[in-house]
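Scroll down for the structure; my scribbles are underneath it.
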Amino acid sequence: MQGLGVSLTEFLIQEQRKVAGATGELTLLISDIARACKAIAREVRYGALVGNLGQAGEENIQGEVQEKLDVLANTILTETLRRSGHVAAMVSEENDEVITVPKANRGKYLVCFDPLDGSSNININMCIGTIFSILRCPEGVEDPAEEHFLQPGTQQVAAGFCVYGPAVTLVLTTGNGAYGFTLDQGVGDFFLTHPKIKIPEEAKEFAINMSNWRFWEPPVRSYIEECLRGKEGPLGKDFNMRWIASFVAEVYRILMRGGFWTYPLDEKLKAKGLEGRLRLLYEANPMGFIVEQAGGVISTGRERVLTLKPKHIHQRVPLFLGAKNDIERIEAYHREWDQSQGR
């Protein structure tokens with residue numbers, strides 16, 4: 001058996017030493033989040049054996065019926081971070097408002113998280129995961145409120161996600177590349193297994209919910225139709241299509257083997273009064289930080305996601321992410337369409 005290699009803690013300390021004046025607080029915070037993810041992974045693994053499957057009987061702020069594991073994962077993350085001493089306040093997909101931290105325990109960071117992404121896959125034993133984003137609390141703010149979380153994604157100091165699948169894998173960036181760590185269940189620690197992840201600039205796969213074809217805007221239909229035409233079409237190559245309906249699983253696949261994923265704005269979403277499907281603060285921004293650090297692109301189709309100034313903590317956005325050349329072509333199709341409509 002090979003040696004264990006570089007642990008997450010060792011990696012974080014190495015990264016910390018590269019930053020002049022680093023206090024170690026971010027290292028400890030990420031370690032606390034990783035510990036919470038290990039606890040969530042345990043609950044996911046036990047599943048029906050301990051009664052963790054099924055619905056909790058309530059809806060969250062998004063209007064989605066909560067699964068028991070949604071509530072449990074949210075509690076694990078919230079309580080772990082409240083006690084950490086490094087967090088000033090939090091926002092979660094599962095909570096209407098900002099989650100406060102007792103003054104005696106407050107630190108200097110704000111954390112945004114989706115405690116259990118892909119909830120619709122819980123009961124069919126498919127990949128689900130946790131997504132998180134870390135921001136600095138503005139200086140001089142003693143009681144963080146919603147307005148203090150409304151920072152563009154470029155202000156993130158770290159972001160990551162954990163996939164609970166055949167292996168438990170944590171993907172992380174602190175702004176110096178994207179790295180993957182795999183949990184050794186026997187040792188109980190994450191070890192570096194995927195250094196300096198890179199997304200190929202050209203896609204060979206794409207992921208989209210084809211059942212929404214009739215609701216898409218013309219530029220999206222045009223590009224997907226060209227992908228479907230394969231070698232005989234203007235793109236001159238064949239594509240494979242994937243759709244898992246678990247954001248963490250989709251992004252992890254793209255990080256590991258390339259491609260692009262999209263959930264565009266469509267007429268069905270507009271009819272519900274929504275600006276998109278994915279949440280900006282705790283889904284799009286953290287994944288955007290990771291994807292860009294891996295050489296990919298993340299866009300609304302019309303602008304870079306990480307430059308958006310959030311309007312509120314539960315804001316949604318349309319998303320296109322993955323292979324640089326393909327996402328840039330999709331943006332060009334949107335520009336051409338908007339110009340033709342006089343926008």
Side-chain angles (χ1 to χ4, degrees), residues 33 55-67 69-78 81-82 87-101 109-120 128-138 141 143-156 159-161 245-248 250-251 262-266 268-290 298-321:
I33 293 172
Q55 296 181 347
E58 298 181 359
E59 290 187 353
N60 62 18
I61 182 60
Q62 318 297 332
E64 300 164 341
V65 177
Q66 292 177 310
E67 301 286 338
L69 277 172
D70 281 322
V71 177
L72 186 54
N74 194 52
T75 299
I76 289 171
L77 265 169
T78 300
L81 296 182
R82 268 197 174 128
V87 177
M90 300 166 267
V91 292
S92 166
E93 179 183 358
E94 303 299 331
N95 292 75
D96 298 13
E97 300 175 347
V98 171
I99 303 167
T100 59
V101 173
Y109 293 105
L110 304 175
V111 182
C112 314
F113 56 83
D114 180 349
L116 205 60
D117 178 78
S119 297
S120 62
I128 53 181
T130 297
I131 310 172
F132 63 91
S133 166
I134 301 174
L135 301 159
R136 286 188 179 87
C137 185
V141 173
D143 297 300
E146 178 169 338
E147 64 191 83
H148 302 116
F149 285 86
L150 305 184
Q151 304 178 37
T154 51
Q155 298 300 306
Q156 294 174 103
F161 67 95
S246 170
F247 192 37
V248 291
E250 302 278 10
V251 175
T262 174
Y263 206 117
L265 180 63
D266 59 36
K268 188 163 65 171
L269 291 170
K270 289 180 183 178
K272 296 177 181 178
L274 299 176
E275 298 178 87
R277 182 72 177 87
L278 280 295
R279 291 78 173 182
L280 178 58
L281 283 185
Y282 36 82
E283 291 178 319
N285 275 344
M287 290 305 201
F289 194 10
I290 293 165
I298 183 165
S299 171
T300 66
R302 293 177 168 89
E303 55 190 325
R304 182 186 175 204
V305 165
L306 296 191
T307 60
L308 296 176
K309 176 70 167 67
K311 302 171 187 174
H312 54 84
I313 59 174
H314 295 297
Q315 180 181 346
R316 298 179 187 238
V317 291
L319 277 189
F320 300 80
L321 66 84

Pairwise distance CG(L110) to NE2(H148) - rounded to 0.5 angstrom: 8.5 Å
Derivation and outcome, side-chain contact (heavy atoms from CB on, under 4.5 Å), residues T78 and S92: CA-CA 9 Å; T78 300; S92 166; 5.5 Å; no
Closest approach of L280 to P286 (non-hydrogen atoms, all atoms of both residues): O-CD, 4.2 Å
Over all atoms of both residues, closest heavy-atom pair of Q315 and K309: OE1-O, 4.3 Å
Short side-chain to backbone donor-acceptor contact, Q151 and R136, under 3.5 Å: yes
Test item: R316 side-chain N/O and R277 main-chain N/O as donor-acceptor pair under 3.5 Å: yes
Heavy-atom check, side chain of T154 versus side chain of R304, under 4.5 Å: yes
Least distance between heavy atoms, G301 atom then F320 atom: N-CD1, 3.5 Å
Donor-acceptor under 3.5 Å (E146 side chain, I313 main chain): yes
M287 CE to I298 CD1 distance, which is reported to the nearest 0.5 Å: 9.0 Å
Within-4.5 Å side-chain heavy-atom neighbours: T300 and P318: yes
Side-chain touch F113/L81, heavy atoms, less than 4.5 angstrom: yes
Sidechain-backbone polar pair: R82 side chain, T100 backbone, donor-acceptor under 3.5 Å: yes
Side-chain touch F161/D117, heavy atoms, less than 4.5 angstrom: no
For the student: nearest non-hydrogen atoms of I128 and V248, plus distance: C-CG2, 3.6 Å
Minimum side-chain heavy-atom gap L306-Q156 below 4.5 Å: yes
Atom CD of E97 with >12 non-hydrogen neighbours under 6.0 angstrom: no
CA sep, side-chain torsions, deciding dist, call: L265, K270, side-chain contact (heavy atoms from CB on, under 4.5 Å): CA-CA 7 Å; L265 180 63; K270 289 180 183 178; 3.6 Å; yes
Donor on one side chain, acceptor on other, N285 and S133, under 3.5 Å: no
Nearest-0.5 Å distance, CG of residue L281 to CD1 of residue I131: 12.5 Å
Any side-chain heavy-atom pair of F247 and L321 under 4.5 Å: yes
Distance in Å, M90 CE paired with Y109 OH, rounded so as to fall on 0.5 Å steps: 16.0 Å
Polar side-chain atom of N74 near backbone of E94 as donor-acceptor pair, under 3.5 Å: no
Shortest non-hydrogen separation from P144 to C137 and the atoms involved: CG-SG, 3.9 Å
Any donor-acceptor pair under 3.5 Å from T130 side chain to L116 backbone: no
Over all atoms of both residues, closest heavy-atom pair of S299 and V305: C-CG2, 3.6 Å
